[in-house]
Amino acid sequence: MERRTIGAGGLAVGAVGLGCMPMSWAYTASRQRGEESVKAVHRALDLGSDLLDTADMYGPFTNELLLGRVLKERRRDAFVATKVGLLVGEQHVVANGRPGYVRRACDASLRRLQTDVIDLYQLHRPDPEVPVEETWGAMADLVRAGKVRALGLCALGARGGRRSGAGLYDATLRRLQRVQQVFPVSAVQAELSVWSPEALQALLPWCEARGVGFLAAMPLGNGFLTGTLTPGEGFEPDDVRARHPRFTAEMMAANQPIVAGLRRIARRHGEDVTPAQVALAWVLAQGRHVIALPGTKQERWAAENAGAAGLRLTARDLAEVARLPAAQGSWD
């Protein structure tokens with residue numbers, strides 16, 4: 001698989017990584033099976049999808065424990081990325097960026113992951129009650145202590161007060177400028193897909209100008225861009241898509257032209273090419289520092305996603321994607 005670099009340190013990872021959240025968190029719990037997920041991780045590593053993206057809050061904690069089972073055997077094959085900064089309660093999630101908590105959380109993640117170093121430690125969300133410089137400084141101390149190799153920041157919180165157009169990531173960019181003064185940012189994680197391209201306006205250019213890796217979260221649009229979801233079939237109450245305005249039956253039907261366009265492009269590249277692979281190839285075509293992080297808990301999808309790294313879209317393909325209708329049912 002093609003290798004891409006993260007940060008000034010030149011850390012190299014496969015162009016397509018593995019988002020591990022669906023194995024333990026946010027998606028249909030009745031379909032979460034540990035052994036199946038372990039097989040998916042092994043398959044991803046076999047195919048060069050070595051960036052494993054997790055977080056202590058996924059489960060909470062169970063996702064890191066699951067990955068630890070694989071890492072105990074295959075630590076040299078994996079690039080481990082986890083996150084800190086969020087605590088899960090009964091019915092809520094709260095931020096905690098206090099330096100003491102960051103240090104304790106890192107040690108706990110290391111134990112669960114069964115490793116002595118985290119390759120990329122990401123700030124999941126800033127704590128509004130703690131200056132971000134203090135949180136970032138504590139994370140930088142972990143690098144100096146040899147427990148972490150590089151630091152990243154997540155910019156996934158835009159949906160809370162989402163608005164379209166320019167300025168969507170203004171707060172994130174200001175935060176990045178602040179933490180850069182404390183310790184170098186190696187990676188930024190944010191949503192990027194055919195139906196959510198907002199990061200292209202300012203956030204990705206910021207990363208490209210500084211050699212910062214861009215980890216594209218939700219590159220398959222929470223599964224919609226795979227073309228495998230049926231409008232109206234519904235989701236279990238614990239599935240995040242049950243509350244997503246683009247996943248009502250009406251909006252899923254309205255957005256089918258997007259999938260149809262991806263399917264047309266896929267057919268031009270061969271019978272075995274899928275809409276999901278076209279969607280991932282489009283993400284990878286947005287810049288040399290972009291790494292796609294499709295999430296899955298199944299071995300077959302991990303293999304399909306990894307295959308997208310070898311798909312090269314033509315200028316005609318990219319122009320056709322650009323002409324696809326904008327997604328309906330936005331967060332505005």
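Inspection of the Gln189 and Asp53 side chains reveals an N or O donor paired with an N or O acceptor under 3.5 Å. Checked by atom type, the side-chain pair Arg4/His289 shows no donor-acceptor distance below 3.5 Å. Side-chain contact annotation: Ser109 with Asp56, donor-acceptor N/O pair under 3.5 Å absent.
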| said: For Arg246 and Met252: C-alpha separation, side-chain torsions, deciding distance, then whether side chain to side chain contact (heavy atoms under 4.5 Å, CB included) applies. | reply: CA-CA 6 Å; Arg246 288 184 183 172; Met252 287 182 70; over 6 Å; no

| query | Can you list the steps and then say if Arg74 with Asp46 is a side chain to side chain contact (heavy atoms under 4.5 Å, CB included)? | reply | CA-CA 10 Å; Arg74 304 188 61 176; Asp46 290 342; 2.8 Å; yes

| message | Working note: Phe79 + Leu11, criterion side chain to side chain contact (heavy atoms under 4.5 Å, CB included); need CA distance, chi angles, decisive distance, verdict. | response | CA-CA 9 Å; Phe79 184 97; Leu11 301 173; 3.9 Å; yes

| Taking it one step at a time, do Asn305 and Leu220 satisfy side chain to side chain contact (heavy atoms under 4.5 Å, CB included)? | CA-CA 10 Å; Asn305 294 340; Leu220 295 177; 3.8 Å; yes

| task | Show the numbers, then the answer: is there a side chain to side chain donor-acceptor pair (under 3.5 Å) between His269 and Asp317? | result | CA-CA 10 Å; His269 287 270; Asp317 297 331; 2.6 Å; yes

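Closest approach of Gln114 to Arg69, counting heavy atoms only: NE2-N, 4.2 Å. Minimum heavy-atom separation, Leu318 to Ala285: CD2-CB, 4.1 Å. Here the shortest heavy-atom pairing between Ala155 and Val188 reads CB-CG1, 4.4 Å. Between Ile291 and Gly14 the shortest heavy-atom distance is CG2-O, 3.6 Å. Nearest heavy atom pair, residue Gly261 against residue Leu324, reads CA-CD2, 3.8 Å. Contact detail for Cys207 and Phe214: the closest heavy-atom pair is SG-CD1, 4.0 Å.
Shown here is Glu250, whose CD atom has no more than 12 heavy atoms of other residues, nucleotides or ligands within 6.0 Å. Annotation for Arg144: atom CZ counts as buried by contact number, over 12 foreign heavy atoms lying within 6.0 Å.
Judged by distance alone, the side chain of Asn63 and the main-chain N or O of Cys20 form a donor-acceptor pair under 3.5 Å. The main-chain N or O of Ala15 is never found under 3.5 Å from a side-chain atom of Arg3 such that the two would form a donor-acceptor pair. Ser196 contributes no side-chain N or O that, together with a main-chain N or O of Ser193, makes up a donor-acceptor pair within less than 3.5 Å. Between the side chain of Gln286 and the backbone N or O of Val283, no donor-acceptor pair lies under 3.5 Å. Panel note: side chain Tyr121, backbone Cys106; a donor-acceptor pair is recorded below 3.5 Å. Remark: side-chain polar atoms of Arg243 are paired, donor with acceptor, to backbone N or O of Pro237 under 3.5 angstrom. Side chain of Arg178 to backbone of Arg174: no donor-acceptor contact under 3.5 angstrom is found. The main-chain N or O of Ala138 is never found under 3.5 Å from a side-chain atom of Asp141 such that the two would form a donor-acceptor pair. Side chain of Thr230 to backbone of Glu233: no donor-acceptor contact under 3.5 angstrom is found. Asn255 contributes a side-chain N or O that, together with a main-chain N or O of Met251, makes up a donor-acceptor pair within less than 3.5 Å.
Taking a cutoff of 4.0 Å between a charged side-chain nitrogen and a carboxylate oxygen, Glu2 and Arg312 qualify as a salt bridge. Using a 4.0 Å cut-off between charged nitrogen and carboxylate oxygen, Arg98 and Glu129 count as a salt-bridge pair. Using a 4.0 Å cut-off between charged nitrogen and carboxylate oxygen, Asp170 and Arg175 do not count as a salt-bridge pair. The residues Arg76 and Asp50 are annotated as not salt-bridged, no charged nitrogen and carboxylate oxygen being separated by less than 4.0 angstrom. Between Lys297 and Glu36 no salt bridge is recorded (no basic side-chain N to carboxylate O distance below 4.0 Å).
Phe183 and Val179 end up in the same hydrophobic cluster when Ile, Leu, Val, Met, Phe, Trp and Tyr side chains are linked at under 4.5 Å. Hydrophobic clustering places Leu173 together with Val290 (ILVMFWY residues linked when any side-chain heavy atoms are closer than 4.5 Å, directly or through intermediates). Linking Ile, Leu, Val, Met, Phe, Trp and Tyr residues whenever their side-chain heavy atoms come within less than 4.5 Å leaves Val212 and Leu293 in two separate clusters. With hydrophobic clusters built from ILVMFWY side chains whose heavy atoms lie under 4.5 angstrom apart, Val148 shares a cluster with Trp136. Hydrophobic clustering of Ile, Leu, Val, Met, Phe, Trp and Tyr side chains at less than 4.5 Å, counting indirect connections, unites Leu204 with Val194.
The aromatic rings of Phe247 and Phe224 lie perpendicular to each other, with more than 60° between the two planes, well past the 30° mark.
The structure places CG of Leu45 at 9.0 Å from CG of Leu47, a figure rounded to the nearest 0.5 Å. Going from atom CG of Asp119 over to atom CG of Leu51 covers 8.0 Å, rounded to the nearest 0.5 Å. Between the CZ atom of Arg125 and the CG atom of Leu87 there is a distance of 13.0 Å, given to the nearest 0.5 Å. Interatomic distance, CG of Leu113 versus NZ of Lys72, reported as 13.5 Å (0.5 Å rounding). To the nearest 0.5 Å, atom CG of residue Leu225 and atom CD of residue Gln277 are 13.5 Å apart. For the atom pair CD of Gln298 and NZ of Lys39, the computed distance is 11.5 Å after rounding to the nearest 0.5 Å.
Val80 is listed as a side-chain neighbour of Arg75, based on a closest heavy-atom distance under 4.5 Å. At least one side-chain heavy atom of Leu280 sits less than 4.5 Å from a side-chain heavy atom of Pro219. At least one side-chain heavy atom of Leu200 sits under 4.5 Å from a side-chain heavy atom of Leu192. The closest side-chain heavy-atom distance from Leu176 to Leu203 is below 4.5 Å. Side-chain contact between Arg149 and Val143: absent, with no pair of heavy atoms (C-beta onward) separated by less than 4.5 Å. When side chains are defined from C-beta on, Tyr101 counts as touching Val84, because their heavy atoms get closer than 4.5 Å. Counting heavy atoms from C-beta outward, Gln201 and Leu168 have side chains that stay 4.5 Å or more apart. Counting only heavy atoms from C-beta outward, the side chains of Leu151 and Val185 never approach each other to under 4.5 Å.
Glu64 pairs with exactly one of Arg112, Arg111, Lys83 by the side chain to side chain donor-acceptor pair (under 3.5 Å) rule, that one being Arg112.
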